[in-house]
Amino acid sequence: MAFYRTLHSWDVSPDEAIKIQNQLRNLVKVEKLVGEIRYIAGADVSFDKGSNVVYAGVLVLKFPELEEVDRSLVVTEVNFPYIPGLLSFRESPALIKAWEKIKIAPDVVMIDGQGIAHPRRFGIASHFGVLVDKPTIGCAKSLLVGVYEEPKGEAGNFSYLYDSGEIIGVALRTRDNVQPVFVSIGHKITLDESIQIVMKTVRGYRIPEPTRQAHLIVNALRRGEIKPGTRTNPEQGSLF
DNA sequence: GCGACAG
DNA sequence: ATCTTGTCGC
């Protein structure tokens, strides 16, 4: 039963959603991580074609081993459409439902989407971070806003992402000569730490393990290959 | 008005 | 996001 706070309704119009973002953006904190990282979580959602059924999941991995220690998978419905800049209002409700069932609260959460690399500096990673009051990192596969120079070809190189003259994130090469990912601060973390953590959780694929594993698991859930629930669910047997 | 636009 | 086989390159 991980903690989270309700700061607003999800049953809002796009215009109201924008107002909420402009209000909550002031709650985002940029600060160094406190203490060592013991657990890192990955969160993602999956959909069927033109369906409003959402399959959401939060996976908790031990750091730096990246072995799964907890998971929460839920199936719900959504009606808010996908609108660039308002992704959080479509995916966060389901992610929060999965989050509240987690037993092991992670020290940092990696989310498939932008953090402050957003028009109003309040992408889904920042929004989710503020709601669960945990450090979060935004790791997106494509660009939403900003300009950047192509980073050098080898893994580990990055170039800053700028928007309106300010640095909002980086284009980070996680694999040699492979399309970079876009990393930005979500909440309660620094950009440097975010970059380091992403690189430390990359295991041979472009996408770092937390979000990659979360993506694989919610897709398996959508295809009916696995059932919703928690790692500590009686129906699923014991932990180890 | 035109083009861009996380998942 | 999702629909999908083969194909090019390290």
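Predicted model, so just to flag it, every value in this text is computed and none were measured.
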Mind checking whether A:Phe122 and A:Ile116 have side chains closer than 4.5 Å, heavy atoms only?
-> no
Pairing annotation in dot-bracket form, given for DNA chain B with Watson-Crick or G-U pairs under 3.5 Å and | for cross-strand partners = .......
Answer yes or no: is there a donor N or O on one side and an acceptor on the other, between the side chain of A:Trp99 and the main chain of A:Ala105, under 3.5 Å?
-> no
Looking at A:Arg222, does any N or O in its side chain come under 4.0 Å of the phosphate oxygens OP1/OP2 on C:dC3?
-> yes
Flag the pair A:Phe80 / A:Tyr82 as yes when their ring centroid distance falls below 6.0 Å, and as no otherwise.
-> no
Smallest separation among heavy atoms of A:Pro84 and A:Leu144, with atom names | CB-CD1, 4.5 Å
Ignoring hydrogens and geometry, is there a side-chain-to-backbone donor-acceptor pair from A:Arg222 to A:Asp48 under 3.5 Å?
-> no
Scan for side chain to side chain donor-acceptor pair (under 3.5 Å) pairs involving residues 195-209 of chain A, sequence neighbours excluded, and state none if there are none.
-> A:Glu209-A:Arg212, A:Glu209-A:Gln213
Structure string for DNA chain C in dot-bracket form, Watson-Crick and G-U at under 3.5 Å, | interchain = ..........
Heavy-atom closest pair, residues A:Gly186 and A:Val28 = O-CG1, 3.6 Å
Rounded to the nearest 0.5 Å, the CZ atom of A:Phe128 sits from the OG1 atom of A:Thr136 at a distance of 8.5 Å
Could you write nucleotides 4-10 of chain C as a row of B, S and -, 5' to 3', where a protein heavy atom under 4.0 Å of any base atom gives B, of only sugar-phosphate atoms gives S, and otherwise -?
-> -------
Heavy-atom pair with the smallest gap, counting every atom of A:Val218 and A:Val45 = CG2-C, 3.9 Å
Which heavy-atom pair separates A:Lys101 from A:Thr230 by the least distance, and what is that distance?
-> O-CG2, 3.8 Å
Expressed in angstrom and rounded to an integer, what is the separation of A:Asn52 atom CG from C:dT2 atom P?
-> 15 Å
Look at the aromatic rings of A:Phe89 and A:Trp10 and report parallel, tilted or perpendicular, splitting at 30° and 60°.
-> perpendicular
Closest approach of A:Phe158 to A:Leu172 (non-hydrogen atoms, all atoms of both residues) = CB-CD1, 3.8 Å
Please report the closest heavy-atom contact between A:Ser184 and A:Ser194, naming both atoms and the distance.
-> O-OG, 4.5 Å
Donor-acceptor side-chain pairing of A:Asp44 and A:Thr211 below 3.5 angstrom = no
Ordered by number, residues from residues 188-199 of chain A within less than 4.0 Å of DNA chain B (heavy atoms) are none
Distances under 3.5 Å only, N/O to N/O: pair up the protein atoms with those of nucleotides 5-7 of chain B.
{"from": "B:dA6", "atom 1": "OP2", "to": "A:Tyr82", "atom 2": "OH", "distance (Å)": "2.4"}
{"from": "B:dA6", "atom 1": "O3'", "to": "A:Ser142", "atom 2": "OG", "distance (Å)": "3.4"}
{"from": "B:dA6", "atom 1": "N7", "to": "A:Gly85", "atom 2": "N", "distance (Å)": "3.0"}
{"from": "B:dA6", "atom 1": "N6", "to": "A:Gly85", "atom 2": "O", "distance (Å)": "3.0"}
{"from": "B:dA6", "atom 1": "N6", "to": "A:Leu86", "atom 2": "N", "distance (Å)": "3.3"}
{"from": "B:dA6", "atom 1": "N6", "to": "A:Leu87", "atom 2": "N", "distance (Å)": "3.2"}
{"from": "B:dA6", "atom 1": "N6", "to": "A:His118", "atom 2": "NE2", "distance (Å)": "3.4"}
{"from": "B:dA6", "atom 1": "N1", "to": "A:Ile124", "atom 2": "N", "distance (Å)": "3.1"}
{"from": "B:dA6", "atom 1": "N3", "to": "A:Gln114", "atom 2": "N", "distance (Å)": "3.0"}
{"from": "B:dG7", "atom 1": "OP1", "to": "A:Lys141", "atom 2": "N", "distance (Å)": "2.7"}
{"from": "B:dG7", "atom 1": "OP1", "to": "A:Lys141", "atom 2": "NZ", "distance (Å)": "3.3"}
{"from": "B:dG7", "atom 1": "OP2", "to": "A:Ser142", "atom 2": "OG", "distance (Å)": "2.7"}

Can you label the angle between the A:Tyr148 ring and the A:Phe182 ring as parallel, tilted or perpendicular, going by 30° and 60°?
-> perpendicular
